[in-house]
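Computed from a predicted model, the values in this text were never measured in an experiment. Below, chains carry the letters A, B, ... as their sequence lines are ordered, and counting in each starts from 1.
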Protein chains: 2
Amino acid sequence: MKFSQATDYALHAMLFLVAEAPDKPVSVQVLAEKLGVSQTYLSKMLTKLVKSGLIHSVPGANGGYRLKRNREEISFLDIIHAIEGTASLFECSFKHGSGSECLIQQVVMDAERQMEQFLESKKIADIAKQLKQ
Amino acid sequence: MKFSQATDYALHAMLFLVAEAPDKPVSVQVLAEKLGVSQTYLSKMLTKLVKSGLIHSVPGANGGYRLKRNREEISFLDIIHAIEGTASLFECSFKHGSGSECLIQQVVMDAERQMEQFLESKKIADIAKQLKQ
DNA sequence: GCGTGATTACTCGGATACAAGATGTCCGAGTTTGAGCGG
DNA sequence: CCGCTCAAACTCGGACATCTTGTATCCGAGTAATCACGC
């Protein structure tokens, strides 16, 4: 149980876009160089971010990836969900009698919700502001 | 990023011990049969629970696993930490200039702490009581 | 000078490779209980 | 009846096998901008 490296990449890539290039598209090449990671692997993460509607891809020459309009509203949870998926962290694999739900699962899912609420309240834009000052 | 099946096993095994056999040692064989999982794999989880000080192992005939004294105080977090380890869920892999810490990492670790506080407040014994009524 | 085509700089998606971790099995060693047997 | 031995019922730990997932690379296809060339 750990957040994947991919999430780390995605969070830093988004932070870079918000902080340094809110309007111009940035190519994978530049982004990967800034972060010091592989281009091809980073591009997979960016593709996921596009599919989740957080950023926009601009094909062709001078293309790259650009933030969407709602940049102030992008939360940590949005990015994490884009990479890790939205599935629950815990799923009970036992059959409990008479259709009743698993109490253990309920507790763990409540705990998960605590974390998600926190991550939803934290916006990438706030971190970008802290960086600049 | 998911809780492992092993955690699922361990939580249910502990719930069984607290609810049904607070004093007598229970063998892996019986426990595995109740849960419907493999004996040998379950025993690995129980070994981890022993090393974390949550249960006690009784070797020899009529042996098995027995709860320790502080059974009322065992939290979900104790069990999860025993199986998954206590390492942080997130570790930033980038070098940030001038010794400053990664702001992203701080946010995610704070979120993790939210979840852990919740899991620490939930005791297995409370769930056992709910089951009985 | 203007349109047309070729080249270039990108993204996109699939196929592949590799390593690590989760899951599960097997077996030998150690430990306690209890039964059996000889005195 | 007492004590000794031995077998049975357990846990413990390591070695091993397998499968999934994360990480990473490579390549061909598609797309847009820019450059070159011919008229």
Side-chain angles (χ1 to χ4, degrees), chain A residues 1-13 17 21 24-33 35-68 80 82-85 87 89-91 93-94, chain B residues 1-13 17 21 24-33 35-68 80 82-85 87 89-91 93-94:
Chain A
M1 161 94 162
K2 240 180 178 283
F3 284 101
S4 67
Q5 198 91 5
T7 299
D8 193 20
Y9 293 173
L11 284 170
H12 279 85
L17 286 181
K24 296 245 172 179
V26 179
S27 73
V28 175
Q29 196 173 3
V30 171
L31 214 42
E33 197 174 329
L35 300 182
V37 302
S38 137
Q39 298 178 30
T40 47
Y41 188 49
L42 180 61
S43 82
K44 304 268 177 195
M45 307 307 121
L46 293 170
T47 298
K48 286 188 180 180
L49 293 175
V50 169
K51 292 205 170 152
S52 301
L54 299 180
I55 60 179
H56 210 267
S57 83
V58 183
N62 293 330
Y65 293 91
R66 185 169 36 93
L67 284 177
K68 279 216 163 170
I80 291 174
I83 304 298
E84 306 266 345
L89 298 188
F90 185 85
E91 240 161 294
S93 60
F94 299 101
Chain B
M1 161 93 161
K2 242 179 177 283
F3 285 101
S4 68
Q5 198 90 4
T7 299
D8 194 20
Y9 293 174
L11 284 170
H12 279 86
L17 286 180
K24 296 246 171 176
V26 180
S27 74
V28 175
Q29 195 172 4
V30 170
L31 215 43
E33 197 174 328
L35 299 182
V37 301
S38 136
Q39 296 178 32
T40 46
Y41 189 48
L42 180 61
S43 83
K44 304 265 178 196
M45 308 307 122
L46 293 170
T47 299
K48 285 189 180 180
L49 293 174
V50 169
K51 292 204 169 150
S52 301
L54 299 180
I55 61 178
H56 210 266
S57 83
V58 182
N62 293 332
Y65 293 90
R66 185 169 36 92
L67 284 177
K68 279 215 164 172
I80 291 174
I83 304 298
E84 306 266 346
L89 298 189
F90 185 85
E91 241 161 295
S93 61
F94 299 101

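- Between the P atom of dG24(C) and the CG atom of Leu35(B) lies a distance of 13 Å, rounded to the nearest Å.
- The closest side-chain heavy-atom distance from Lys2(A) to Met1(B) is not below 4.5 Å.
- Sparse packing is recorded around CD of Glu33(A), with 12 or fewer heavy atoms of other residues, nucleotides or ligands lying under 6.0 Å away.
- Within residues 2-10 of chain A, no residue is approached by DNA chain C to less than 4.0 Å at the level of any non-hydrogen atom.
- Going from atom CZ of Phe90(B) over to atom CD1 of Ile80(A) covers 7.5 Å, rounded to the nearest 0.5 Å.
- With a 4.5 Å cut-off on side-chain heavy atoms, Ser4(B) and Tyr9(B) do not count as touching.
- How far CD1 of Ile83(B) is from CG of Leu11(B): 8.0 Å, rounded to the nearest 0.5 Å.
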task: Could you run through nucleotides 30-36 of chain C and give me one letter per nucleotide, 5' to 3': B if any protein heavy atom sits under 4.0 Å from the base, S if only the sugar-phosphate is that close, - if neither?
output: -BBSS--
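- In summary, contact between chain B and DNA chain D, defined as any nucleotide atom under 4.0 Å from a heavy atom of the protein, begins and ends at dA9(D) to dA15(D) in the 5' to 3' direction.
- The structure places CG of Asp8(B) at 9.0 Å from CG of Leu35(B), a figure rounded to the nearest 0.5 Å.
- Within a 6.0 Å radius of CD in Gln29(B), other residues, nucleotides and ligands contribute 12 heavy atoms or fewer.
- Relative orientation of the Phe94(B) and His12(A) rings is tilted, given thresholds of 30° and 60° on the angle between their planes.
- Residues from residues 40-53 of chain B lying near DNA chain C, meaning a heavy-atom separation below 4.0 Å, are Thr40(B), Tyr41(B), Lys44(B) in numerical order.
- End-to-end axis angle for the helix from dG1(C)-dC39(D) to dG39(C)-dC1(D), using five pairs per end and rounding to 10°, comes out at 10°.
- Atom CD1 in Ile55(A) sits about 10 Å away from atom P in dT11(C), given to the nearest Å.
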I'd like a table of donor-acceptor pairs (distance under 3.5 Å, sequence neighbours excluded) in which one partner is a side-chain atom from residues 43-64 of chain A, with atom names and distances.
{"from": "Ser43(A)", "atom 1": "OG", "to": "Thr40(A)", "atom 2": "O", "distance (Å)": "2.8"}
{"from": "Thr47(A)", "atom 1": "OG1", "to": "Ser43(A)", "atom 2": "O", "distance (Å)": "2.9"}
{"from": "Ser52(A)", "atom 1": "OG", "to": "Lys48(A)", "atom 2": "O", "distance (Å)": "3.1"}

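- Closest of all the heavy-atom pairs between Ser93(A) and Gln5(B) is OG-NE2, 3.2 Å.
- Contact annotation: Gln29(A) reaches the phosphate of dC10(C) (side-chain N/O to OP1 or OP2, under 4.0 Å).
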